[in-house]
Amino acid sequence: MRLWLNKQRNLLDFSLSSLSRRRGKTLGMLAVYTSIVFLLASVMLFSHAIRREAATVLAKSPEVLVQRMVAGRHDLIPARHLDAIKGIRGVQSAEGRLWGYLFDPAAVANYTLMVPTNPRIEPGKVVIGDGVVRARSADPGDLMSFRAHDGSLVQFKVDHTISRDSALVSADLFLVAEEDFRRLFGIAPGLFTDLAVSVRNPREVIKIAEKIDAALPDTRIILRDEILRTYESVFDWREGMLLVLLAGSILAFAIFSWEKASGLSAEERREIGILKAVGWETGDVIRLKMLEGLVVSLSAFLVGYLLAYAHVFHFGAGLFEPVLKGWAVLYPKYKLTPFVDELQVATLFFFTVFPYTIATVVPIWRAAIVDPDTVMR
Amino acid sequence: MRRSDAFLTFTVALLGLLGASFADAVRGVGAAQQSLAAKADMVEQLGLTDLVLFTEARYTRHPSQADLHSAFQDHPFAMDHFPSGSLLPPPIWKGRP
C-alpha cells in the first residue's frame, strides 16, 4: 500500500513538473477553464436559489384569482360577480382586491398600489416598500403628493416602511386606504381590480375554477398553481437565456480544451517516447497524463465553483444584476437564501472534470502504444 | 516541500472550502427560515402574486397576472417594448376552458 502511495506521489510530482514546464499554456488553460466553471456555476446557483425562494414565498399567494376581461383586456370587475362566486358550493370565501400601478414622475418609477384588508390603512396614510423609500428618500412622517385622475392633488403621509428583508416581494409596494385608492383613480364603489377566492378543499380547485368560468364567461381565472408554474418557467427561461448567451464561449472552450487535450504536441510525443525508452509502461504513461488532466480540471472546478458560490450568495450576484434590472428604476435589494442542489453540483462536476480528463487519454494511448523509437523520430 | 505535497495541501484546502460552502448553505437556509416565513406571511396577508423583479411594465411586474396580449397592447403592430420582456416567458395556464 505504502509502495503504491509513493508511486502515485512520484507520478503526481512528475506530472506537476511536466505542467510547470509549460507554465504559460497551463495557466492560460486554467484561467479559461475556471472562468467557464465560474459562469456556469453562477447561473446554476442563482437560478436554483431564486426558483426555490419564489416557490417558498409564493406558496401562500391567493388560491384562485378572477379577472374580468373586456375585448381582450383586463377590466374592473363588479361586486355582483362576488355574489355569484360565493354561491358556488365549495367556495370558502371571496373578496374584491384593489390594486394597480402609479407612475411617480419625481422618481421616474412605477409603484404597485394596493389596498390591504388586513391591516387596514388609515385614509391619508401610506405604507411604502424599500424600493420606494430609496427612490424618494422618504422616511416615516414625510408627505408624498400625487395627481388624481381629475387633476386634484392627493397627499399621503408615510406611516411606516416595509423592511428590506422582504424587498423581493414588497420593494415597490405603496399601500393605501380604499378611499384614497378610489379617489386617486376615480374608481366607483362596487368595482374591484380582481377577486380573490379561497376554496374549502384544495383538491376541488380546478372543479371550482371550471364552475366560476361557466357562471361568469367574461372572466379569466388564475390558479395559485399557475402562478407557481409561471415562476418556475420564468427562471427556467432566464437560465436558458443566460446559457444561450454563454453557449458561444462554452463551445469555444470545448473546442479549445478538446484540441489541447486530444492533440499532442511534438514535444509531448518526444516526452512519451523517452519515458517508454527508459522503461515506463504504457499504463504508467497514461496514468501520468490523466493526472495532468485531473490536476487542471479539478483545480478549475473547485476554484470556479467556490468563486461562484461567493459571487451569488455573498456578493449579491453583481455580474447578473445589470441583466436582471432591465429598465426598472426600482430594483429590490435582496440577499438570496443559499438553496444549493447537491445533485446539480455533482452534475456540474461530472460534466466539467471528466470530459477533459478522458479527452487526454485517447491520444496518449495512441502515442504510448507506438514503438518509442518511432515516436522520438 | 515536494510539489505533490504542495498540490495535495492546496486541493485538500479547496475541498475543505467546498465542504464549508455546503455547511454555509445549510446554515444560511436555517437562518433564513424566519425571514422566508415572514415573506410568505406577507404574501398571504396582502394577497401578493408576484416577485418584484422588473417594475417597468405591468406584464413584467406581474407576469402571472398578465394576459398573453399585454406585451403588445400599446398600439396595433406594437412589438414588446421593454427588453426585460425577452427575459420573461408568457404565463402558463392549465388546459382549462
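Letters A, B, ... are given to chains in the order of the sequence lines, protein chains preceding strands, and every chain is numbered from 1. This one's a predicted model, so the numbers in the text were calculated from it and none came from an experiment.
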Side chains of [X] and [Y] in contact at under 4.5 Å (non-hydrogen atoms):
X: Ser299(A); Y: Phe7(B); answer: yes
X: Phe22(B); Y: Val345(A); answer: yes
X: Leu8(B); Y: Leu12(A); answer: yes
X: Val52(B); Y: Leu168(A); answer: no
X: Met42(B); Y: Ser170(A); answer: yes
X: Thr117(A); Y: Leu46(B); answer: no

If you count the non-hydrogen atoms of other residues, nucleotides and ligands that lie under 6.0 Å from CZ in Arg21(A), is the total more than 12?
->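 Atom CZ in Arg21(A) is crowded, with more than 12 foreign heavy atoms closer than 6.0 Å.
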Are more than 12 heavy atoms from other residues, nucleotides or ligands located less than 6.0 Å from atom NZ of Lys60(A)?
->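 Atom NZ in Lys60(A) is crowded, with more than 12 foreign heavy atoms closer than 6.0 Å.
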What part of [X] gets closer than 4.5 Å to chain B, counting heavy atoms only: side chain, backbone, both or neither?
X: Ala59(A); answer: neither
X: Ala196(A); answer: neither
X: Leu173(A); answer: side chain
X: Tyr231(A); answer: side chain
X: Arg97(A); answer: side chain
X: Ala167(A); answer: backbone

Check the pair Asn10(A), Arg2(B) against side chain to side chain contact (heavy atoms under 4.5 Å, CB included), reporting the backbone distance first and the verdict last.
-> CA-CA 10 Å; Asn10(A) 290 336; Arg2(B) 283 172 67 171; 2.9 Å; yes
Looking only at heavy atoms and a cut-off of under 4.5 Å, which of [options] has the most pairs with chain B?
options: Val115(A), Leu65(A), Leu11(A); value: Leu65(A)
options: Thr56(A), Leu16(A), Leu175(A), Asp172(A); value: Asp172(A)
options: Leu228(A), Val295(A), Asp194(A), Leu298(A); value: Val295(A)
options: Phe103(A), Trp99(A), Phe313(A); value: Trp99(A)

Side chain to side chain contact (heavy atoms under 4.5 Å, CB included) between Ser61(A) and Leu48(B): does it pass, once the steps are laid out?
-> CA-CA 6 Å; Ser61(A) 58; Leu48(B) 304 177; over 6 Å; no
Give me the atom names and distance for the closest heavy-atom approach of [X] to [Y].
X: Arg3(B); Y: Ser17(A); answer: NE-OG, 3.6 Å
X: Gly28(B); Y: Pro338(A); answer: CA-CG, 3.7 Å
X: Asp50(B); Y: Leu58(A); answer: N-CD2, 4.1 Å
X: Thr49(B); Y: Pro62(A); answer: CG2-CD, 4.0 Å
X: Ala32(B); Y: Thr337(A); answer: CB-CG2, 3.5 Å
X: Val303(A); Y: Phe10(B); answer: CG2-CZ, 4.4 Å

Step by step, work out the side chain to side chain contact (heavy atoms under 4.5 Å, CB included) result for Val340(A) and Val29(B).
-> CA-CA 9 Å; Val340(A) 175; Val29(B) 171; over 6 Å; no
Verdict with supporting geometry, Asp165(A) and Lys39(B), salt bridge (Lys or Arg N to Asp or Glu O under 4.0 Å) = CA-CA 8 Å; Asp165(A) 289 346; Lys39(B) 273 185 253 186; over 6 Å; no
Are a donor atom and an acceptor atom from the side chains of Asp13(A) and Ser4(B) found within less than 3.5 Å of each other?
->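 Yes, a side-chain donor-acceptor pair sits under 3.5 Å.
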Tell me, please, which residues at least two apart from Arg164(A) pass side chain to side chain donor-acceptor pair (under 3.5 Å).
->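 Checked Arg164(A) against side chain to side chain donor-acceptor pair (under 3.5 Å); matches are Asp130(A).
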Could you name each residue pair satisfying side chain to side chain donor-acceptor pair (under 3.5 Å) that touches residues 300-311 of chain A, not counting sequence neighbours?
->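 Every side chain to side chain donor-acceptor pair (under 3.5 Å) pair that includes a residue of residues 300-311 of chain A, provided the two are not neighbours, is Ser42(A)-His311(A), Tyr309(A)-Asp24(B).
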Yes or no on side chain to side chain contact (heavy atoms under 4.5 Å, CB included) for Arg61(B) and Thr112(A), after CA distance, side-chain angles and deciding distance?
-> CA-CA 9 Å; Arg61(B) 169 64 181 88; Thr112(A) 297; 3.2 Å; yes
Ignoring hydrogens and angles, tell me if any N or O in the side chain of Gln67(A) forms a donor-acceptor pair with the backbone of Gln65(B) under 3.5 Å.
->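 Yes, Gln67(A) side chain to Gln65(B) backbone: donor-acceptor pair under 3.5 Å.
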Could you tell me the separation between the OG atom of Ser21(B) and the NE2 atom of His314(A), rounded to the nearest 0.5 Å?
->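 Atom-to-atom, Ser21(B):OG and His314(A):NE2 are 8.5 Å apart.
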Would you say the ring centroid of Tyr101(A) lies under 6.0 angstrom from that of His62(B)?
->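 For Tyr101(A) and His62(B), the ring centres are under 6.0 Å apart.
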